[in-house]
2 protein chains.
Amino acid sequence: MSQLSKAEQKRQAREEELIDLAVEIIANEGPGSLTLEKLTSRSAYSKGTIYNHFSSKEDCLSALCCRAVSSIMTFFQQAVEFDGNLREKALAIHYAYQLYSRIHPTLFQVVLISKSPGVRDKTSDKRVECMDLLENQINDVSDSMFQHALQQGEINNPHVSVETASFANWAMSFGTLALASSAAEATAVSRLDQETILLNNVNLLLDGMGWSPLSSEWDYCDSWKRIAEHLKPLATHHTNNTHD
Amino acid sequence: MSQLSKAEQKRQAREEELIDLAVEIIANEGPGSLTLEKLTSRSAYSKGTIYNHFSSKEDCLSALCCRAVSSIMTFFQQAVEFDGNLREKALAIHYAYQLYSRIHPTLFQVVLISKSPGVRDKTSDKRVECMDLLENQINDVSDSMFQHALQQGEINNPHVSVETASFANWAMSFGTLALASSAAEATAVSRLDQETILLNNVNLLLDGMGWSPLSSEWDYCDSWKRIAEHLKPLATHHTNNTHD
DNA sequence: ACCTGAACACCGTTCAAGT
DNA sequence: ACCTGAACACCGTTCAAGT
């Protein structure tokens with residue numbers, strides 16, 4: 001299964017090359033201006049070959065989504081290694097998510113775009129499968145975090161289950177970052193401190209779950225700074241973007 | 001100022017007519033398939049006239065965004081009239097937001113799309129002004145709610161300001177609804193009870209702010225049902241959609 | 001002043017012909 | 001088996017000609 005034919009290896013290498021190129025296009029010109037025409041003319045290949053890799057423009061967008069979620073996953077893996085209590089580890093994951101959304105704002109957008117019907121519908125079955133697989137991996141990271149917190153009694157609240165907590169946590173993070181990156185000029189966003197906006201929102205939520213130590217009992221601002229330090233390698237290493 | 005010439009009245013009526021048509025198109029075929037070509041051919045007017053109303057395809061999308069936000073505003077105005085304590089009024093607004101996102105899922109999407117750079121950039125100045133104005137109105141509703149709660153001591157937390165609370169509240173609502181509507185097939189979403197998903201998330205957040213009565217001290221599930229009853233007229237009256 | 005539709009450039013997708 | 005690029009339908013945007 002892991003033994004790939006030479007032809008297949010070449011094919012996969014080319015697909016990576018094309019995705020790299022597509023990433024460059026959306027980073028510089030936005031997700032809306034990705035066209036397979038552009039991708040063709042800027043690559044060394046012909047229209048037919050492009051369509052050999054991507055069954056449609058939307059399938060290409062979904063390939064970018066897979067790339068994005070996969071990167072986010074490696075960010076998360078770095079984050080959980082932060083040395084601290086469980087709630088701090090959770091904060092580290094949020095920080096990693098924010099970091100990704102700021103290093104690759106357009107790829108961050110693409111993740112939502114690809115999941116919307118109309119794009120998903122025009123994505124090849126093989127790719128949809130890949131997206132769902134990656135999404136489940138991300139999900140598992142989040143779930144297992146809350147599982148631990150509940151088991152160890154750090155969250156002590158009969159109304160909080162793994163499923164509800166995990167989703168509320170994701171919704172808050174996603175909502176905050178989506179609004180901060182897409183509606184950055186909005187008064188409601190611009191009047192806030194961009195450095196701690198996510199920390200504040202998440203702290204309110206986790207306090208509401210009763211995840212101890214509560215923010216009144218612990219200096220999470222300091223944690224946030226230490227997390228930033230811990231994840232600095234990701235921030236510097238991945239900044240090979242031309243535009244944003 | 002409010003005295004419009006006959007020509008201007010006619011122009012505005014036609015614009016409403018075109019926006020109605022565009023709403024119909026995106027409701028049935030998704031925001032991605034709105035084209036000015038389609039809008040032209042399904043309307044009684046020519047390309048030139050369409051471009052007389054919308055400076056670009058993106059400007060047309062932004063017109064839909066204005067329509068959406070304006071409708072959301074009227075939903076909110078119904079919501080604040082719910083007879084209950086302040087936290088229940090806040091819940092009523094969330095309920096109204098959810099109701100809108102379910103009655104007009106594609107218009108709900110369009111609001112985020114229009115605020116993204118690349119769409120906003122291609123929107124006429126006049127329309128951008130209109131969008132910002134409406135957004136501020138929505139903002140004011142949210143802000144004044146938290147202002148009241150803080151003044152009356154129902155939120156008693158030195159770390160919570162109007163600005164931070166208002167944004168956290170918006171982010172949670174938006175994040176929850178965006179994920180629930182765009183990523184409905186995702187495991188993290190589908191495994192939850194769709195009826196109370198938003199109520200649960202918001203309750204956790206408002207508990208975290210210390211907004212009394214806390215969810216442990218009050219039956220907000222019951223409030224949620226009463227709010228649904230209060231807003232029923234909106235649900236039935238506005239369901240004139242063909243597809244979703 | 002406003003409306004019309006031809007015109008053109010660009011894009012998505014297919015497929016016959018070539019290797 | 002895979003690659004190529006011509007071909008065609010569709011779309012965004014402009015603008016000369018018409019009222």
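Values reported hereafter were calculated over all heavy atoms of this structure, with side chains retained and with hydrogens, waters and symmetry mates removed. Bear in mind that the values here come from a model prediction, so they are computed numbers and not experimental data. Chain A is the first sequence line, chain B the second, and so forth, proteins listed ahead of strands; every chain is numbered from 1.
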(message) Please list all pairs meeting ring pair (Phe, Tyr, Trp, His ring centres under 6.0 Å) that have one or both residues in residues 107-143 of chain B, counting only residues at least two apart or in different chains.
(response) Y97(B)-F108(B)
(message) Within the 4.0 Å heavy-atom criterion, would you say R11(A) contacts the bases, only the backbone, or no part of the nucleic acid?
(response) nothing
(message) Under the rule for side chain to side chain donor-acceptor pair (under 3.5 Å), what residues qualify as partners of K38(B), not counting sequence neighbours?
(response) E29(B)
(request) Hunt down any stem DNA chain C takes part in, defined as 3 or more consecutive Watson-Crick or G-U pairs whose two distances are each under 3.5 Å. (result) C:4-8 with D:12-16, C:12-16 with D:4-8
(message) I'd like the 5' and 3' limits of the part of DNA chain D contacted by chain B, with heavy-atom contacts below 4.0 Å.
(response) dC11(D) to dT14(D)
(message) Looking at R14(A) and E8(A), is any side-chain nitrogen of the basic one under 4.0 Å from a carboxylate oxygen of the acidic one?
(response) no
(request) List for me each residue that meets side chain to side chain contact (heavy atoms under 4.5 Å, CB included) alongside A96(B), sequence neighbours excluded, and say none if there are none. (result) F75(B), F76(B), A79(B), L231(B)
(message) For R11(A), give me all partners under side chain to side chain donor-acceptor pair (under 3.5 Å), at least two apart in sequence or on another chain.
(response) none
(message) Just to verify, what does R120(B) make a side chain to side chain donor-acceptor pair (under 3.5 Å) with, not counting sequence neighbours?
(response) D132(B)
(message) I'd like to check the side chain to side chain contact (heavy atoms under 4.5 Å, CB included) partners of T187(B); sequence neighbours left out, ordered by chain and number.
(response) E135(A), N136(A), N139(A)
(message) Between the side chains of K10(A) and E16(A), is the shortest nitrogen-to-carboxylate-oxygen separation below 4.0 Å, so that they form an ion pair?
(response) no
(request) Using heavy atoms and a sub-4.0 Å distance, could you list which residues of residues 45-53 of chain B are near DNA chain D? By number, please. (result) K47(B), Y51(B)
(request) Just jot down the salt bridge (Lys or Arg N to Asp or Glu O under 4.0 Å) partners of K89(B), sequence neighbours excluded, or say none. (result) none
(message) If the condition is side chain to side chain donor-acceptor pair (under 3.5 Å), which residues does D125(B) pass it with, not counting sequence neighbours?
(response) none
(message) Under 4.0 Å, heavy atom to any atom of DNA chain C: which of residues 118-131 of chain B qualify?
(response) none
(request) Check whether any side-chain heavy atom of N28(A) lies under 4.5 Å from a side-chain heavy atom of E24(A), and answer yes or no. (result) yes
(request) Tell me yes or no: between the side chains of T164(A) and N200(B), is some donor less than 3.5 Å from an acceptor? (result) no
